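These notes concern the structure reproduced below.
Just so we're clear, the structure is a prediction, and the values are computed from it rather than from any experiment. Residue numbers run from 1 in the order of the sequence given.
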Amino acid sequence: MEEFLRDIFKHVEGYYYGLVDITPKILLAILVVLISWFIAARVKVFADRRLKTKMHDPLLATFIANLIKALLIVIGFLFMFRVIGLTGVAQSVLAGAGISAFVIGFALKDIGENFLAGILLAFKRPFSVGDIIESNGVKGKVVALNLRDTQIKSDSKNIYIPNALLIKNTLVNFNSEGFLLQDFTIGLEYGSDYRKAIEIITNVMKTDTAVVDKGYSNSAVVSGITGSTIQIIIRYWVQTDRTVTDGKHRSEVVIKVAEALKENGFNIK
């Protein structure tokens with residue numbers, strides 16, 4: 001019994017001295033990670049500011065700055081492994097050898113896929129910050145392109161779409177060189193003077209200072225007949241800014257068209 005207790009004491013004593021021996025390394029490793037994170041955050045802010053002034057493309061500049069931050073953090077963790085004495089683990093992770101590395105790689109497949117998709121989006125640039133896009137049934141204004149997802153804003157909600165979905169699925173950009181296409185449909189009573197109605201609608205668009213006329217095909221055309229109603233679709237271009245992309249300007253145009261038609265004796269259905 002005494003020998004058994006003595007063996008237990010020796011093992012506990014060995015664990016204690018081992019913990020005492022590795023504690024400074026653990027504390028130093030934590031300090032390395034914190035310093036790396038701080039440096040990466042500061043470099044990211046600096047790079048983001050400098051790249052935006054040099055590149056004039058805020059979307060790509062922010063993405064590259066985030067990429068630099070991620071690389072610095074990874075380097076910090078690898079250095080942490082070296083401080084603790086787990087250099088072999090770091091090398092195994094980098095080499096991707098063994099079943100464990102395969103399992104980890106498979107588990108992080110989606111993250112890697114979205115990361116690579118983000119790189120493609122950053123350099124291909126199918127959209128810019130402030131553009132109105134639609135993909136996977138979601139429509140909104142682009143706020144930022146992150147390493148894993150793209151942030152868009154719709155109806156005061158922040159929506160994050162994985163970058164891989166934007167690459168794989170149809171992506172619609174409603175902007176054209178800083179302009180946004182808007183449209184709506186109205187119904188007129190059968191037998192109305194449709195040509196006059198189209199002329200009135202066209203005049204409303206011409207008098208609206210936010211509607212862009214030069215080089216863009218603003219139009220009001222008869223699109224079809226539904227029962228006793230003639231459908232007219234109105235399409236017009238506006239500059240992309242807060243005054244026209246939040247729905248308020250479109251509402252004003254609809255009201256102006258409805259009021260103008262009513263004043264001229266048209267019945268809207």
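In terms of hydrophobic clustering, with Ile, Leu, Val, Met, Phe, Trp and Tyr side chains grouped at heavy-atom distances under 4.5 Å, I233 and V254 are assigned to different clusters. In the hydrophobic cluster analysis, where Ile, Leu, Val, Met, Phe, Trp and Tyr join through side-chain heavy atoms closer than 4.5 angstrom, F123 is grouped together with I167. Side-chain heavy atoms closer than 4.5 Å link hydrophobic residues (I, L, V, M, F, W, Y) into clusters, and following such links, even through other members, never connects I75 to V45. Taking hydrophobic clusters as Ile, Leu, Val, Met, Phe, Trp and Tyr residues chained together by side-chain heavy-atom distances below 4.5 Å, L121 shares a cluster with I119. There is a path of hydrophobic side-chain contacts, each under 4.5 Å, that joins V138 to V129.
Looking at F77 and V32, their side chains never come closer than 4.5 Å, going by heavy atoms from C-beta outward. Residues W37 and I73 form a side-chain contact, since some pair of their non-hydrogen atoms from C-beta on lies under 4.5 Å apart. A 4.5 Å side-chain heavy-atom check between L67 and F115 finds at least one atom pair inside the cut-off. You'll find the side chain of D149 stays beyond 4.5 Å of the side chain of I161, heavy atoms only. You'll find the side chain of I232 reaches within 4.5 Å of the side chain of L188, heavy atoms only. Side chains of L261 and I186 form a contact here, defined as non-hydrogen atoms less than 4.5 Å apart. Between I132 and K139, the closest side-chain pair of non-hydrogen atoms falls below 4.5 Å. The side-chain heavy atoms of V253 and Y236, taken from C-beta on, include a pair separated by under 4.5 Å.
Once rounded to the nearest 0.5 Å, the distance linking CG of L71 with CG of N66 reads 11.0 Å. The distance from atom CE of M205 to atom CG of D208, rounded to the nearest 0.5 Å, is 10.0 Å. Taking CD from E259 and CD1 from I268, the interatomic distance works out to 9.5 Å, rounded to the nearest 0.5 Å. Interatomic distance, L145 CG to I64 CD1, rounded to the nearest 0.5 Å: 10.5 Å. Note that NZ of K69 and CD1 of I39 are 13.0 Å apart. Values are rounded to the nearest 0.5 Å. Taken from OG1 in T185 to CD in Q231, the straight-line distance is 6.5 Å, to the nearest 0.5 Å.
Residue-environment remark: NZ (K157) exceeds the threshold of 12 foreign heavy atoms within 6.0 Å. Within a 6.0 Å radius of CZ in F46, other residues, nucleotides and ligands contribute 12 heavy atoms or fewer.
Ion pair R148/E113 not flagged as a salt bridge, since none of the NZ, NE, NH1 or NH2 atoms sits closer than 4.0 Å to an Asp/Glu carboxylate oxygen. By the 4.0 Å N-to-carboxylate-O rule, D131 lies too far from K141 to be salt-bridged with it.
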Begin from the C-alpha positions of L31 and I35 and carry the test side chain to side chain contact (heavy atoms under 4.5 Å, CB included) through to its verdict. CA-CA 6 Å; L31 183 62; I35 293 175; 3.8 Å; yes
Could you go through the side chain to side chain contact (heavy atoms under 4.5 Å, CB included) check for L72 and I68 one step at a time? CA-CA 6 Å; L72 290 176; I68 293 173; 4.1 Å; yes
Evaluate the side chain to side chain donor-acceptor pair (under 3.5 Å) criterion for residues S135 and N169: first the C-alpha distance (whole Å), next the side-chain angles of each, then the deciding distance (0.1 Å), finally the verdict. CA-CA 7 Å; S135 182; N169 299 309; 5.4 Å; no
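Looking at Q151 and N146, their side chains never bring a donor and an acceptor atom within 3.5 Å of each other.
The minimum heavy-atom distance between N163 and G118, with the atom names listed, is ND2-CA, 3.5 Å. Nearest approach of S154 to G140, heavy atoms of both residues: CB-CA, 4.1 Å. The two residues I152 and I133 come nearest to each other via the heavy atoms CG2-CD1, 4.0 Å. Counting all heavy atoms, side chain and backbone alike, S36 lies closest to G76 at OG-CA, 3.3 Å.
A donor-acceptor pair under 3.5 Å links the side-chain atoms of N264 to the main chain of A260, judged by distance alone. Side chain of R235 to main chain of Q182: no donor-acceptor pair is present (N/O by atom type, distance under 3.5 Å, no hydrogens or angles). S192 places no side-chain N or O within 3.5 Å of a backbone atom of F266 that could act as its donor or acceptor partner. Judged purely by atom type and a 3.5 angstrom limit, N114 has no side-chain atom pairing as donor or acceptor with the backbone of P162.
Of the residues listed (I201, V221, N218), the one engaging I234 in a side-chain contact (heavy atoms from CB on, under 4.5 Å) is I201, and it is the only one.
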